[in-house]
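As structure tokens, the structure follows; a few thoughts come after it.
All figures in this text were calculated on a predicted structure; none of them were measured in a lab.
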Amino acid sequence: MIYILEHSLLEHFLTLIKTNPTASHFRSAISKVSQIVATLTTKELELEEYYDADENFIGYKFSSTILLFAVFPTGLTLLQAFTNILPNYLTGFVSYEQVRNLEDGIVEKFCILPEKDKDAKKVFVLDFAINTGNTIKNAVSRILLENFTDISVISIFSTTDGIENIRTEFPNLPIYVCSLENKEDFIRLKTLQEYFRNISI
């Protein structure tokens with residue numbers, strides 16, 4: 001299940017990113033895009049009714065705990081946006097490195113997961129961009145080992161090839177993206193490539 005996120009401000013800042021701006025403008029735009037993404041992808045999360053001590057209805061509160069599982073370091077901007085707005089969350093991290101002569105071309109460097117919380121049933125796998133899709137496939141497989149089943153992937157950019165690669169193994173996995181590109185257009189986004197090469201850890 002692929003969901004293309006839509007918002008007028010998203011279109012504005014995504015266009016800015018695609019015009020290969022300066023590093024400072026790029027990071028500012030990515031930060032704003034991440035905040036919008038966090039807002040749009042959490043709007044359907046369930047609430048429960050809230051009452052005062054005298055059983056008077058006050059309103060609603062968000063009681064679920066979300067596990068934010070970020071691909072390190074490229075998912076950190078999205079992670080920050082989600083932690084800025086969610087009242088209850090846990091954080092986990094996974095990192096990969098490219099290795100030649102492997103079937104999917106990557107190997108796990110480290111994985112950090114919090115002690116499992118019985119209230120944490122939903123997982124958001126966060127990554128800046130989906131290129132080949134192999135990183136997300138490995139991240140989802142890793143989190144499935146922890147017996148989570150309600151998993152969604154959230155990314156800003158994705159290639160169509162990367163999505164199709166993920167769907168071969170996880171056809172029903174919800175994937176939220178802002179901009180879907182073919183492989184050639186993705187490669188032409190020079191600022192993205194610079195971002196991946198120079199991101200500070």
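- Side chain of N84 to main chain of Q80: a donor-acceptor pair is present (N/O by atom type, distance under 3.5 Å, no hydrogens or angles).
- Using a 4.5 Å heavy-atom cutoff, the side chains of M1 and L173 are not in contact.
- Inter-residue side-chain proximity for F93 and L76 is flagged as met; some heavy-atom pair is nearer than 4.5 Å.
- Sorted by first and then second residue, the ring-ring contact (aromatic ring centres under 6.0 Å, His included) pairs involving residues 36-60 (not counting sequence neighbours) are Y51-F57, F57-Y60.
- Side-chain atoms of T41 come within 3.5 Å of backbone atoms of V37 as a donor-acceptor pair (strictly under, hydrogens ignored).
- The two residues N182 and T160 come nearest to each other via the heavy atoms CA-OG1, 4.0 Å.
- Listed here is the closest heavy atom pair of P114 and G92: CD-CA, 4.2 Å.
- Under a 3.5 Å cut-off, the side chain of T77 and the backbone N or O of S31 do not form any donor-acceptor pair.
- Around CD of E46, the count of heavy atoms belonging to other residues, nucleotides or ligands within 6.0 Å does not exceed 12.
- Considering CD of E164 and OG of S158, their distance stands at 9.5 Å, rounded to 0.5 Å.
- Here the OG1 atom belonging to T19 is positioned 11.0 Å from the CG atom belonging to L14, to the nearest 0.5 angstrom.
- Side-chain polar atoms of T65 and K121 form no donor-acceptor pair below 3.5 angstrom.
- In this model, no donor atom of one side chain and acceptor atom of the other lie less than 3.5 Å apart for T39 and K43.
- Residues T168 and K137 are in side-chain contact: their nearest non-hydrogen atoms beyond the backbone lie under 4.5 Å apart.
- Legend: residues meeting side chain to side chain donor-acceptor pair (under 3.5 Å) with D150, ordered by chain and number and at least two apart, are K122.
- You'll find the side chain of I30 reaches within 4.5 Å of the side chain of F128, heavy atoms only.
- The nearest pair of heavy atoms linking R142 to L113 is NH1-CD1, 4.0 Å.
- Using a 4.5 Å heavy-atom threshold, the side chains of V153 and I130 count as touching.
- Taking the six-membered ring for Trp, F82 and F124 have ring centres closer than 6.0 Å.
- Side-chain contact check for V94 versus F72: every heavy-atom pair is 4.5 Å or farther apart.
- Here S63 contributes atom OG and L45 contributes atom CG; the two are 10.5 Å apart, rounded to the nearest 0.5 Å.
- Annotation for C111 and E108: closest pair CB-OE2, 3.3 Å, computed over non-hydrogen atoms.
- Separation of atoms CG (L68) and CG (L86) is listed at 6.0 Å; rounding is to 0.5 Å.
- T42 places a side-chain N or O within donor-acceptor distance of the main-chain N or O of A38, the cut-off being under 3.5 Å.
- One N or O on the side chain of Y96 and one on the backbone of A139 form a donor-acceptor pair closer than 3.5 Å.
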Mind listing the side-chain donor-acceptor pairs of residues 2-13 below 3.5 Å, one per line with the distance, residues two or more places apart or on another chain?
residue: H7; atom: ND1; partner: L9; partner atom: N; Å: 3.1

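- Defined by atom type and a distance below 3.5 Å, a donor-acceptor pair is present between the side-chain atoms of S179 and E181.
- Scanning both residues, A29 and I17, for their nearest heavy atoms gives CB-CG1, 3.7 Å.
- Distance OG/S28 to CG/L16: 8.0 Å, rounded to 0.5 Å.
- Distance check, rounded to the nearest 0.5 Å: CG of N138 to CD1 of I143 gives 13.0 Å.
- Not one N or O on the side chain of N56 forms a donor-acceptor pair closer than 3.5 Å with the backbone of D52.
- Using a distance-only test at 3.5 Å, with no hydrogens or angles considered, a donor-acceptor pair links the side chain of S155 to the main chain of D127.
- Closest of all the heavy-atom pairs between A81 and S34 is CB-O, 3.4 Å.
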Derivation and outcome, side-chain contact (heavy atoms from CB on, under 4.5 Å), residues F157 and K18: CA-CA 11 Å; F157 290 94; K18 291 178 181 181; 3.8 Å; yes
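- Between the side chain of N88 and the main chain of F62, a donor-acceptor pair closer than 3.5 Å is present.
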